[in-house]
Student: 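Sending over a structure as structure tokens; questions will come in a sec.
Nothing here was measured: the structure is a model prediction, and the numbers come from that model.
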Amino acid sequence: MMLLGSLLNALFIIIGALLGRLFKNIPESMKQTVMSIIGLAVAVLGIQMGLESGNFIIVIISLVLGTMIGEWLNFDKQFNRLGQKVELLFGKKAAQGSIAEGFVTATLIFVIGSMAIIGALDSGLRNDHSVLITKGIIDGFTSIILASTLGIGVLLAAVPVFVYQGAITLFAGVISKYIPQEALDLFIKEMTATGGIMILAIGLNIAGLTKIRVANLLPSIGIVAILVTVTFILQ
């Protein structure tokens, strides 16, 4: 089954979020401390990913141009509107943080990263789901922690994760046919570094140190693809 890896990844997120709700009644002081630690851990992960770049100029230009586009289109507002619409279906905000906050934060963490792309390509090209299953296990444990503090909205992140990874899996054949492996490797490296900066921003937001509208940085991934293509052609 071609989409097995994406399906299991989404399932692990759902299970993790449900388990996380069992720990929703932790004291407020403990919750704040745990959130700060989670934020710092996520920030360190982002720094590690950011150092993967082989050409940091691509990362900087992609982030600047992508952020300008994201601010213009206001993706952050659209993400939160979607979360708030789901929130209305539940009647009120969840007791532990809003559904919108949990949905947006978890989606950004689970979608950004090289494992999502590499794993989806492996599923589509070689029917090898090991990378996505590994990512799913990591996402599952992460969703336990996030759901215990941000609420049930974390569970909803399973939907965009499945759609995003599933789409890459289904189009893997087309991707491999028209994109040279060297160009794909270069894109994954620079996309990982660019995504790492976004993960760093998410971590700082979770820790309460910043209020960066990370969703508005998402167009940067598209800019990375364009710059990598240009760079590869000029080589």
Student: Compare every heavy atom of Phe232 with every heavy atom of Ala183, then report the nearest pair and how far apart it is.
Tutor: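 So the two residues come closest at N-CE1, 3.8 Å.
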
Student: About how many Å separate CD1 of Ile199 and OG1 of Thr192, when rounded to the nearest 0.5 Å?
Tutor: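 Here the rounded value is 10.5 Å.
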
Student: Determine the minimum heavy-atom distance between Ala193 and Val59, stating which atoms define it.
Tutor: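 Distance-wise, the nearest heavy atoms are CB-CG2, 3.8 Å.
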
Student: For Ser123 and Met2, work out which heavy atoms get closest and say how close.
Tutor: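 Shortest heavy-atom separation between Ser123 and Met2 comes out as CB-O, 3.7 Å.
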
Student: Compare all side-chain heavy atoms of Ile152 with those of Arg21 and state whether any distance is below 4.5 angstrom.
Tutor: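 Counting from C-beta outward, Ile152 and Arg21 do come under 4.5 Å.
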
Student: May I ask whether Ile15 and Leu8 are part of the same hydrophobic cluster, defined by side-chain heavy atoms of I, L, V, M, F, W, Y residues being less than 4.5 angstrom apart, directly or through others?
Tutor: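 Linked, Ile15 and Leu8 end up in one cluster.
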
Student: Would you confirm whether Thr149, through its side chain, and Leu146, through its main-chain N or O, come within 3.5 Å as a donor-acceptor pair?
Tutor: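 Yes, Thr149 side chain to Leu146 backbone: donor-acceptor pair under 3.5 Å.
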
Student: Pairing donors with acceptors under 3.5 angstrom, does anything connect the side chains of Asp185 and Gln181?
Tutor: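 Short answer, yes.
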
Student: What do you reckon, is CD1 of Ile47 surrounded by more than 12 foreign heavy atoms closer than 6.0 Å?
Tutor: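 Atom CD1 in Ile47 is crowded, with more than 12 foreign heavy atoms closer than 6.0 Å.
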
Student: Determine, step by step, whether Leu11 and Leu7 satisfy the side-chain contact (heavy atoms from CB on, under 4.5 Å) criterion, reporting the C-alpha distance in whole Å, the side-chain angles of both residues, the deciding distance to 0.1 Å, and the verdict.
Tutor: CA-CA 6 Å; Leu11 182 60; Leu7 183 61; 5.7 Å; no

Student: Rounded to the nearest 0.5 Å, how far apart are CD1 of Ile58 and OG1 of Thr231?
Tutor: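 OG1 of Thr231 is found 4.0 Å from CD1 of Ile58.
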
Student: Answer with yes or no whether the hydrophobic clustering places Val214 together with Leu209; edges join I, L, V, M, F, W, Y residues whose side-chain heavy atoms lie under 4.5 Å apart.
Tutor: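 Cluster IDs for Val214 and Leu209 differ.
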
Student: Just how far is it from atom CD1 of Ile137 to atom CG of Asn9, taken to the nearest 0.5 Å?
Tutor: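 Between Ile137 CD1 and Asn9 CG, I get 10.0 Å after rounding to 0.5 Å.
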
Student: Would you find a donor on one side and an acceptor on the other, under 3.5 Å apart, between the side chain of Glu190 and the backbone of Gly54?
Tutor: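 Indeed, once roles are kept as given, a pair shorter than 3.5 Å links the two residues.
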
Student: If two hydrophobic side chains count as joined below 4.5 Å and joins carry through other members, does Val163 share a cluster with Leu155?
Tutor: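 Val163 and Leu155: separate clusters.
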
Student: If you group Ile, Leu, Val, Met, Phe, Trp and Tyr by side-chain heavy-atom gaps below 4.5 Å, do Leu40 and Met198 land in one group?
Tutor: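 Unlinked, Leu40 and Met198 end up in two clusters.
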
Student: Taking Asn55's backbone N and O only, do any of them form a donor-acceptor pair with Lys189's side chain (distance below 3.5 Å, no angle check)?
Tutor: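 Answer holds: no.
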
Student: Going from OG1 on Thr67 to CG on Leu218, what distance comes out if it is rounded to the nearest 0.5 angstrom?
Tutor: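 Thr67 OG1 to Leu218 CG: 9.5 Å, rounded to 0.5 Å.
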
Student: For the backbone of Asp76 and the side chain of Asn216, can you confirm whether one donor and one acceptor N or O come within less than 3.5 Å of each other?
Tutor: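 Side chain of Asn216 to backbone of Asp76, a donor-acceptor pair under 3.5 Å: yes, one is there.
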
Student: Identify the two heavy atoms, one from Ala116 and one from Gln165, that lie closest to each other, and give their separation to 0.1 Å.
Tutor: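 Residues Ala116 and Gln165, closest heavy atoms: CB-OE1, 3.5 Å.
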
Student: Supply the atom-to-atom distance Phe12 CZ to Asp139 CG, rounded to the nearest 0.5 angstrom.
Tutor: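 Result: 10.0 Å between the selected atoms.
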
Student: Kindly compute the distance separating OG1 (Thr105) from CD1 (Ile206), expressed to the nearest 0.5 Å.
Tutor: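 Output value for this atom pair is 6.0 Å.
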
Student: Sort out for me which residue in Thr107, Ile109, Val111 forms a side chain to side chain contact (heavy atoms under 4.5 Å, CB included) with Val161.
Tutor: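 Only one of Thr107, Ile109, Val111 forms a side chain to side chain contact (heavy atoms under 4.5 Å, CB included) with Val161, namely Val111.
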
Student: How close do Ser143 and Val154 get, heavy atom to heavy atom, and via which atoms?
Tutor: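 Scanning both residues, the minimum pair turns out to be CB-CG1, 3.8 Å.
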
Student: Leu45 and Leu204: same hydrophobic cluster, using ILVMFWY side-chain contacts below 4.5 Å?
Tutor: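 No, Leu45 does not connect to Leu204 through the hydrophobic network.
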
Student: Go through the steps to decide whether Leu132 and Leu4 satisfy the test side-chain contact (heavy atoms from CB on, under 4.5 Å), and finish with yes or no.
Tutor: CA-CA 9 Å; Leu132 285 186; Leu4 179 62; over 6 Å; no

Student: Hey, is the main chain of Phe162 close enough, under 3.5 Å, to the side chain of Ser6 for a donor-acceptor pair?
Tutor: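 No; zero donor-acceptor contacts below 3.5 Å.
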
Student: If every non-hydrogen atom of Phe103 is compared with every non-hydrogen atom of Ala157, which pair is closest and at what distance?
Tutor: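 Where Phe103 meets Ala157 most closely, the heavy atoms are CD1-N, 4.0 Å.
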
Student: Should the heavy atoms of other residues, nucleotides or ligands under 6.0 Å from CD of Glu71 be counted, would the total exceed 12?
Tutor: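 Atom CD in Glu71 is crowded, with more than 12 foreign heavy atoms closer than 6.0 Å.
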
